[in-house]
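One structure, as structure tokens, below. Some questions next.
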Amino acid sequence: MNTDHLRALAAAVDEGTFDAAADALRISGSAFSQRIKALERDVGQVLLTRTVPVGTTAAGDRMLRLARQVTVLEDEARRSLGQGTGARTVLSVAVNADSLATWFVEVLRQAATWDDAVLQLHLEDQEHTHKLLRSGSVIAAITEHPAPVSGCISMELGTMEYHAVAASALLDRYRREDGTVDFGAVPVQDFGTRDNLQRSRLAAWREGQQDGLPQGSGAPVAEPPRHQVPTVGGFNAAVAAGLGWGMIPAGQLPDGVLEGTHPDLVTIPELGQSRVPLHWQRWSAGTEALDRLTAAVQQAARNML
């Protein structure tokens, strides 16, 4: 299989259009189209959707993964033989927002010293990062799934501990006469549509509320207002402002929250904690740059998780 054709496939997905991909490879648009057509003819299937941005078919997903592996391995082999072009190895990694804002920063510090590789980070929830690895969009991922994707290896990193946190003034607005809080009514904050942390804690609270009640006596389930704040800084600031309660990693909590001495924010014992196990999944085929990245990830996780 022609590696130039595989490079064209990866470039089309990365750049979003055939024209941009052709420019990135420094070839004409017609030459680029011919490479894609030749690859599709070789495998006997359509690999790309001619949309903006370019998409992959099911067969294209499988070929994209092969394309990234082949090009990275070829580039590193050429450099080791003194035939490199000077281009840096692209390390595409799927990472969740909370890791990127906390312990993964140490990985970035180490990567800043590398002169032969660049990072391309893809932000996704830890429940879904493995899907990017399976599709070939990335070569490694921070994920909560321990079972390795086909062709990859999985390494345990540690656990991120999340606490249910709210502004005390917000909880006071929904406090009953007996001092308890009606969490079926308190506004909730989600990071995004795939953020399940708040939903799982609220479901656990509801189960606890039903314990001891006669079967079939439960009242209709109340659904609280749900806000969506899709950045780490914005999410934490919105919790502090009283927009809603949310699950915040221990490493992001302001001083005094866990100790109960913060003037405005409190943890919520009724909603408890969540412990999210994290794993590093990466191609089983190693390269020098990928091995170095793996070592940096493992070291950062050991120090902070």
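Keep in mind that this is a model prediction, so the values were computed, not measured.
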Should side-chain heavy atoms under 4.5 Å link Ile, Leu, Val, Met, Phe, Trp and Tyr, which residues sit in the same cluster as V105?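 In the cluster with V105 there is nothing else; it is isolated.
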Least distance between heavy atoms, P249 atom then M160 atom: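 Closest approach of P249 to M160, heavy atoms only: CB-CE, 3.9 Å.
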Exercise: do D61 and S135 side chains pair donor with acceptor under 3.5 Å: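 Short answer, no.
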Please name all residues satisfying ring pair (Phe, Tyr, Trp, His ring centres under 6.0 Å) with F32, sequence neighbours left out, ordered by chain then number.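 Partners of F32 under the ring pair (Phe, Tyr, Trp, His ring centres under 6.0 Å) test: F18.
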With sequence neighbours excluded, residues passing side-chain contact (heavy atoms from CB on, under 4.5 Å) with P254: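 If we apply the side-chain contact (heavy atoms from CB on, under 4.5 Å) test to P254, skipping adjacent residues, the hits are V257, H262, L265.
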Could you list the donor-acceptor pairs under 3.5 angstrom formed by side chains in residues 275-282, with sequence neighbours left out?
| unit_1 | atom_1 | unit_2 | atom_2 | d |
| --- | --- | --- | --- | --- |
| R275 | NH1 | E161 | OE1 | 2.8 |
| W280 | NE1 | T294 | OG1 | 3.0 |
| Q281 | OE1 | V149 | N | 2.8 |
| Q281 | NE2 | H145 | O | 2.9 |
| Q281 | NE2 | A147 | O | 3.0 |
| R282 | NH1 | D291 | OD1 | 2.8 |
| R282 | NH1 | T294 | OG1 | 3.3 |
| R282 | NH2 | D291 | OD1 | 3.2 |

Is it true that the side chains of T180 and D178 contain a donor and an acceptor less than 3.5 Å apart?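 Yes, side-chain donor-acceptor contact under 3.5 Å.
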Can you tell me which residue among D14, L48, V54, T71 is in a side-chain contact (heavy atoms from CB on, under 4.5 Å) with L9?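 Single side-chain contact (heavy atoms from CB on, under 4.5 Å) partner of L9 among D14, L48, V54, T71: L48.
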Partners of E270 by salt bridge (Lys or Arg N to Asp or Glu O under 4.0 Å), sequence neighbours excluded?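 Partners of E270 under the salt bridge (Lys or Arg N to Asp or Glu O under 4.0 Å) test: none.
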For residues 284-305, which residue pairs pass the ring pair (Phe, Tyr, Trp, His ring centres under 6.0 Å) check, not counting sequence neighbours?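 Output for this query is empty, none listed.
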Identify whether the distance between the nearest side-chain nitrogen and carboxylate oxygen of K131 and E124 falls below 4.0 Å.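 Looking at E124 together with K131, the answer is no, because their closest N to O distance does not fall below 4.0 Å.
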Shortest non-hydrogen separation from R68 to V13 and the atoms involved: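 Minimum heavy-atom contact is NH2-CG1, 4.2 Å.
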Just to verify, what does T51 make a side-chain hydrogen bond (donor to acceptor under 3.5 Å, both in side chains) with, not counting sequence neighbours?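 Applying side-chain hydrogen bond (donor to acceptor under 3.5 Å, both in side chains) to T51 gives T49.
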Output the rest of the hydrophobic cluster of V90: all Ile, Leu, Val, Met, Phe, Trp and Tyr residues reachable through side-chain heavy-atom contacts under 4.5 Å, sorted by chain and number.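 V90 shares its hydrophobic cluster with V118.
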Is the shortest side-chain N to carboxylate O distance from E40 to K37 below 4.0 Å?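 Answer for the salt bridge query: no.
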Set of residues satisfying ring pair (Phe, Tyr, Trp, His ring centres under 6.0 Å) with respect to F104, sequence neighbours excluded: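 For F104 there are no ring pair (Phe, Tyr, Trp, His ring centres under 6.0 Å) partners, ignoring immediate neighbours.
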Quick one: does any side-chain atom of R199 pair with a main-chain N or O of D195 as donor and acceptor, under 3.5 Å?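 At least one qualifying donor-acceptor pair exists.
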Closest heavy-atom pair and its distance - W283, V138: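 Closest heavy-atom pair between W283 and V138: NE1-O, 4.0 Å.
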Any residue meeting ring pair (Phe, Tyr, Trp, His ring centres under 6.0 Å) with Y162, in chain and number order, not counting sequence neighbours: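 So Y162 forms no ring pair (Phe, Tyr, Trp, His ring centres under 6.0 Å) with any residue.
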Just jot down the side-chain contact (heavy atoms from CB on, under 4.5 Å) partners of T231, sequence neighbours excluded, or say none.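 For T231 there are no side-chain contact (heavy atoms from CB on, under 4.5 Å) partners, ignoring immediate neighbours.
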Looking only at atom types and distance, does a side-chain atom of S168 sit under 3.5 Å from a main-chain N or O of D264, one as donor and one as acceptor?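 Judged by distance alone, yes, a pair lies under 3.5 Å.
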Which atom names give the shortest non-hydrogen contact between A289 and A117, and what distance separates them?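 What the structure gives for the nearest pair is CB-CB, 4.3 Å.
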For residues Q198 and D190, is any side-chain donor paired with an opposing acceptor at under 3.5 Å?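 There is such a pair between these side chains.
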Run the side-chain hydrogen bond (donor to acceptor under 3.5 Å, both in side chains) test against S99 and tell me which residues pass, sequence neighbours left out.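 S99 satisfies side-chain hydrogen bond (donor to acceptor under 3.5 Å, both in side chains) with N96, W103 once adjacent residues are dropped.
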